[in-house]
Number of protein chains: 4
Amino acid sequence: MDRSGDAVDVRVQRSKAAVLAKTYELLTSGGIGGVSIDEVSRRSGVAKTTIYRHWPSRAALLVEACSTIGTAPPVPDTGSFGADLAALTEELAEQLRSARWAAVLPSIVDAAEREPELAGLHADLHARLMAPFGAVTERARARGELAADREPADVTAAIAGPLFYRRWFSREPLDAAFVQRVVEDALGQLSVRPHSP
Amino acid sequence: MDRSGDAVDVRVQRSKAAVLAKTYELLTSGGIGGVSIDEVSRRSGVAKTTIYRHWPSRAALLVEACSTIGTAPPVPDTGSFGADLAALTEELAEQLRSARWAAVLPSIVDAAEREPELAGLHADLHARLMAPFGAVTERARARGELAADREPADVTAAIAGPLFYRRWFSREPLDAAFVQRVVEDALGQLSVRPHSP
Amino acid sequence: MDRSGDAVDVRVQRSKAAVLAKTYELLTSGGIGGVSIDEVSRRSGVAKTTIYRHWPSRAALLVEACSTIGTAPPVPDTGSFGADLAALTEELAEQLRSARWAAVLPSIVDAAEREPELAGLHADLHARLMAPFGAVTERARARGELAADREPADVTAAIAGPLFYRRWFSREPLDAAFVQRVVEDALGQLSVRPHSP
Amino acid sequence: MDRSGDAVDVRVQRSKAAVLAKTYELLTSGGIGGVSIDEVSRRSGVAKTTIYRHWPSRAALLVEACSTIGTAPPVPDTGSFGADLAALTEELAEQLRSARWAAVLPSIVDAAEREPELAGLHADLHARLMAPFGAVTERARARGELAADREPADVTAAIAGPLFYRRWFSREPLDAAFVQRVVEDALGQLSVRPHSP
DNA sequence: CAGTAAACGAGACGGTACGTCCCGTCTTATG
DNA sequence: CATAAGACGGGACGTACCGTCTCGTTTACTG
């Protein structure tokens with residue numbers, strides 16, 4: 001019966017796609033509270049049984065629906081770490097302001113906090129979101145703009161820290177001035193040296 | 001008639017106290033999602049009807065139950081902004097590692113994200129937690145250690161940003177070295193001048 | 001402090017009257033299901049406590065509200081048993097068609113069926129309603145129109161039986177023809193002799 | 001899909017049967033007022049949700065539960081209307097003394113009085129109970145024992161009227177002498193002619 | 001005219017039931 | 001063997017009444 005792996009049954013793909021699409025639709029229209037498995041099933045025409053076959057819980061479905069959406073931005077390559085960082089930070093701020101995943105991340109964080117099995121999902125999502133910062137950081141280290149002991153984690157802490165804090169904790173607007181200052185402060189504290197090629 | 005406010009019937013106090021206590025208990029153990037009126041009623045022995053008599057909704061009960069959560073640390077007064085900030089930051093890190101509210105905040109953030117009536121609750125809690133940073137910042141500005149255009153919000157963003165990020169998003173341990181670096185970076189980017197009395 | 005029983009405090013009268021009036025009002029507007037102690041209290045301004053002080057239960061209040069209303073018709077005295085009986089029967093039929101107690105009696109019967117303490121109330125009400133039939137029957141026996149072995153109970157069974165049956169069991173209209181036939185049949189089976197004074 | 005009607009899922013049958021059985025139990029022990037969906041659910045082990053899935057309201061459930069109550073006695077065929085009627089009347093009196101439905105009818109009458117959706121239930125039950133009287137009446141008319149203008153309704157009024165009255169209103173015992181007199185009176189007022197075959 | 005006991009209003013309380021919504025599990029039949 | 005269809009047990013929601021229970025406050029008779 002071995003379908004040799006790659007012919008994974010087209011129906012599975014179809015079902016998952018339909019479910020994710022409707023989940024996304026409900027998510028954007030009614031927030032997380034507006035997504036119920038029953039409703040997704042009703043609208044997508046995919047049986048509830050099937051949904052539970054593919055996702056262990058409502059939370060898992062939400063996570064995937066969001067992570068599909070929360071695709072990391074392309075890694076910029078301007079030639080200088082500063083410009084790369086500014087571009088990425090602006091993009092991140094923009095997503096925090098408007099992207100669907102930004103409204104859902106706290107519930108994922110919360111889930112990760114109390115259900116260890118969901119912590120993995122959180123880690124995946126986080127890694128995906130932060131990957132571009134890692135990439136430009138590595139490049140900067142290779143070019144000597146950044147000291148060798150500066151880790152990608154330091155960069156994300158310096159950038160995402162203040163942004164996330166402002167988005168979810170102080171709940172003030174993420175205006176351009178704030179974003180710019182965050183970039184400058186980060187560059188300052190990371191002791192970035194100008195790149196001379 | 002007029003029972004003039006202070007003789008408000010002891011039973012009311014008892015009921016409310018019992019309900020709040022159990023709500024708090026459920027809150028810290030299961031987050032906001034773990035609090036249901038039915039469960040509070042069951043555990044507290046207070047009838048559901050009575051709970052609804054005192055709080056119009058689940059949200060209202062949560063707001064009041066949370067108002068006792070997260071007591072801010074005392075404001076240090078070492079004489080220098082740097083030392084004050086270091087003390088507060090270490091205290092905050094310690095609370096993030098162990099305090100009950102640290103496990104609950106994400107669910108509050110999540111709730112604030114989509115239930116407007118709970119946003120106030122989040123704002124209160126946040127203000128309470130960050131108040132000491134505001135106090136030492138104001139003092140530093142008065143003493144000239146800090147430029148007049150440096151707002152308390154800048155300080156909390158510089159300190160709480162990385163700490164919160166690490167606690168809930170990158171989920172790495174909040175070790176002493178990290179805390180120390182956060183303080184140093186913050187002092188650097190805030191352009192703190194030494195205090196000469 | 002013995003107020004010697006009969007000076008029962010005017011306030012009691014006032015409260016009871018107010019409660020019964022509103023109960024009656026609710027009863028006629030919303031049927032038995034429309035009467036709730038809370039609502040009666042709200043509308044009459046009489047505290048729930050006071051209501052329960054005077055009536056042991058909602059049922060008891062309803063019974064009294066109905067029995068106050070279901071006053072028996074005056075005993076006719078036409079000179080002949082047949083005419084008396086016809087008058088009483090027509091009056092009874094009229095009450096069955098329109099009086100408030102007619103809509104409530106079944107619930108009293110039901111209550112009497114399963115709560116012995118309410119059976120007494122039922123008996124009272126029944127006796128009050130049937131008293132006039134007893135009176136005219138006794139008179140007819142005294143005058144020799146009716147054999148001495150014909151009891152009032154036989155008369156009520158012959159008259160109220162078919163009427164009640166039609167009102168509550170077959171649920172057909174109590175039209176004049178039916179009422180007339182019931183009277184005739186009763187007179188026939190009671191072997192009424194014409195009265196010669 | 002089409003499960004074509006007869007393979008309607010055994011579970012549905014099981015649930016409905018369990019619910020109806022317990023409803024019937026509660027009904028006969030506590031009358032219509034003694035039936036609550038919660039209690040039925042609790043005793044039957046069938047979830048409240050499931051009950052509401054099958055019956056849109058408490059009333060609908062009661063209607064169905066009552067439809068099995070009160071099975072009519074077999075129609076006698078002695079050859080004469082008088083003997084048939086006597087047999088049926090004695091059987092009815094016996095049921096009034098002991099049958100479960102006799103304790104429940106008043107609450108059904110009461111319900112029919114004010115809940116139109118339950119009136120149908122009452123009508124069904126009444127028709128079922130009275131059917132045998134209709135049958136023997138028709139036969140008697142066909143044989144000429146009874147005038148053509150004597151309706152089954154007249155017979156039931158003459159028989160069930162006094163019996164029901166005595167059972168629920170005067171609440172005196174339904175002894176043999178009373179039953180016999182009711183039959184005789186009925187035969188008299190119906191002007192029954194002897195049957196000559 | 002003061003004292004006192006009843007009746008009273010206000011309303012908190014524990015409790016039961018309502019009918020609805022969603023969860024996640026299950027069973028069965030179809031393609 | 002993935003799926004559609006949908007029944008099922010369960011738990012929570014917020015509301016309406018029930019009947020009980022303090023508590024002070026009239027009110028009207030008594031001494």
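By convention in this document, chain letters (A, B, ...) are assigned in the order of the sequence lines, proteins followed by strands, and residues within each chain are numbered from 1. Just so you know, these numbers use all the heavy atoms, side chains as well, and skip hydrogens, waters and symmetry mates.
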**Prompt:** How many Å lie between CD1 on C:Ile51 and P on F:dT20, as a whole number?
**Reply:** 13 Å
**Asked** Does the side chain of C:Glu39 come within less than 4.5 Å of C:Val35's, by heavy atoms?
**Response** no
**Prompt:** In whole Å, what is the span from the CZ atom of B:Arg58 to the C1' atom of F:dG14?
**Reply:** 13 Å
**Message:** On the nucleotide E:dA7, are OP1 or OP2 found under 4.0 Å from the side-chain N or O atoms that C:His54 carries?
**Reply:** no
**Request:** Between D:Arg42 and B:Lys16, name the one whose nearest nucleotide on DNA chain E is closer to the 5' end.
**Result:** B:Lys16
**Message:** Can you tell me which nucleotide in E:dT20, F:dC8, F:dA12 comes closest to the side chain of B:Glu39?
**Reply:** F:dA12
**Request:** Quickly work out the B:Trp55 CH2 to E:dA12 P distance and round it to whole Å.
**Result:** 13 Å
**Message:** Looking at D:Arg171, I'd like to know if its CZ atom is crowded, meaning that more than 12 non-hydrogen atoms belonging to other residues, nucleotides or ligands lie closer than 6.0 Å.
**Reply:** yes
**Message:** With a 4.0 Å limit, can you tell me whether D:Thr50 has a side-chain N or O closer than that to the phosphate oxygens OP1/OP2 of F:dA7?
**Reply:** no
**Item:** E:dG15 base / B:Thr49 side chain donor-acceptor hit below 3.5 Å
**Value:** yes
**Item:** Under 3.5 Å donor-acceptor, A:His122 side chain and B:Trp168 backbone
**Value:** yes
**Message:** Assuming nearest nucleotide by heavy-atom distance, tell me which of D:Lys48 and C:Arg14 is located more 5' along DNA chain F.
**Reply:** D:Lys48
**Spacing between C:Leu61 atom CG and F:dC18 atom C1', to the nearest angstrom** = 14 Å
**Complete:** note: D:Arg11, atom CZ; F:dG6, atom C1'; distance rounded to Å ~ 8 Å
**Request:** Take A:Ile37 and D:Ile37, find for each the nucleotide of DNA chain E with the closest heavy atom, and name the residue whose nucleotide sits nearer the 5' end.
**Result:** D:Ile37
**Complete:** Whole-Å distance, B:Gln13 CD to F:dT22 P, equals 18 Å
**Under 3.5 Å donor-acceptor, D:Ser107 side chain and D:Ile32 backbone** = yes
**Item:** Closest heavy-atom pair and its distance - A:Ala103, B:Asp110
**Value:** O-OD1, 4.4 Å
**Prompt:** Which part of the nucleic acid, if any, lies within reach of C:Arg53 when heavy atoms closer than 4.0 Å are counted: base, sugar-phosphate only, or nothing?
**Reply:** base
**Item:** Euclidean distance, atom CG of residue B:Leu26 to atom C1' of F:dA12 [Å, nearest integer]
**Value:** 13 Å
**Message:** Is A:Ser15 close enough to F:dT3 that one of its side-chain N or O atoms is under 4.0 Å from OP1 or OP2 there?
**Reply:** yes
**Request:** Nearest-nucleotide wise, let me know which of D:Val46 and B:Val35 is further upstream toward the 5' end of DNA chain F.
**Result:** D:Val46
**Fill in**
C:Asp38 atom CG is separated from F:dT15 atom P, nearest whole Å, by 15 Å
